[in-house]
Amino acid sequence: MSAERWGQVLDDFEACLVEQERLLDEDPYAELVAFTPPAGLGPMPLEVSERAGQLLVRAGQLGDRVASQLAASGRQLALANRMAGDAGDRPAYLDQMV
């Protein structure tokens, strides 16, 4: 695959990252669509490898941001569950003759 074709794929990947960052800026719970590269790209030409590396770092930072948000959401859920009380303290089912 040519450097030109790879350049287009990297342009598409960067556009996807920009969109994901924008969505997270607007709503930390936004649903993100993953980038899927086209099949049959073949080996990456050396002339685009530096740019690809930069985009990979950027994608990793975005992944860290999402992981941090997931962890914060988990902590909030755990706190809400603790504040609601332990489910073991309340009967989940009551069998009673009428």
Side-chain angles (χ1 to χ4, degrees):
M1 198 57 51
S2 71
E4 186 176 308
R5 176 73 177 121
W6 264 97
Q8 180 59 52
V9 170
L10 293 177
D11 288 345
D12 295 344
F13 182 41
E14 184 172 22
C16 182
L17 290 174
V18 167
E19 178 64 10
Q20 290 172 339
E21 291 164 345
R22 184 191 66 74
L23 287 171
L24 285 178
D25 287 343
E26 292 176 3
D27 177 8
Y29 303 104
E31 185 174 337
L32 303 180
V33 176
F35 175 77
T36 304
L41 275 176
M44 181 184 299
L46 186 58
E47 54 265 34
V48 298
S49 63
E50 184 176 338
R51 180 171 179 224
Q54 292 168 348
L55 291 174
L56 186 60
V57 167
R58 190 169 167 185
Q61 291 168 340
L62 186 63
D64 291 344
R65 185 175 166 189
V66 170
S68 176
Q69 182 61 37
L70 284 172
S73 295
R75 288 189 299 272
Q76 289 174 351
L77 180 61
L79 176 62
N81 287 339
R82 281 195 306 273
M83 291 178 72
D86 185 10
D89 294 341
R90 297 181 306 249
Y93 178 76
L94 178 62
D95 187 9
Q96 182 177 1
M97 288 183 71
V98 181

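Nothing fancy with the numbering, it's 1 onward along the sequence.
- For residues 39-60, there are no ring-ring contact (aromatic ring centres under 6.0 Å, His included) pairs, not counting sequence neighbours.
- In this structure, Val9 and Pro38 approach most closely via the heavy-atom pair CG2-CG, 3.8 Å.
- Within a 6.0 Å sphere centred on CD of Glu26, heavy atoms belonging to other residues, nucleotides or ligands number more than 12.
- The backbone N or O of Arg65 lies less than 3.5 Å from no partner atom in the side chain of Ser68, so there is not a single donor-acceptor pair.
- A donor-acceptor pair under 3.5 Å links the side-chain atoms of Trp6 to the main chain of Pro43, judged by distance alone.
- Side-chain contact between Leu24 and Leu62 is present, with at least one heavy-atom pair separated by less than 4.5 Å.
- Salt bridge Glu14/Arg51: present, at least one basic N to carboxylate O contact under 4.0 Å.
- Residues Arg58 and Val18 have side chains in contact (heavy-atom distance under 4.5 Å, counting atoms from C-beta outward).
- Residue Leu56 holds its CG atom at 12.0 Å from OG of Ser49, rounded to the nearest 0.5 Å.
- Minimum interatomic distance between Gln20 and Ala34 (heavy atoms only, all atoms of both residues): NE2-CA, 4.0 Å.
- A side-chain donor-acceptor contact under 3.5 Å links Ser73 to the backbone of Gln69.
- Atoms CD and CG, from Gln76 and Asn81 in turn, are 12.0 Å apart once rounded to the nearest 0.5 Å.
- Here CG of Leu10 is found 10.5 Å from CZ of Arg5. Values are rounded to the nearest 0.5 Å.
- Distance CG/Leu17 to CZ/Arg22: 13.5 Å, rounded to 0.5 Å.
- In terms of the salt bridge (charged side-chain N to carboxylate O under 4.0 Å, His left out) criterion, Glu31 has no residue partners (sequence neighbours excluded).
- Under the 4.5 Å side-chain heavy-atom criterion for grouping Ile, Leu, Val, Met, Phe, Trp and Tyr, Leu23 is connected to Leu70 within one hydrophobic cluster.
- Applying the ring-ring contact (aromatic ring centres under 6.0 Å, His included) test to every pair with at least one member in residues 22-72, sequence neighbours left out, gives these pairs: Phe13-Phe35.
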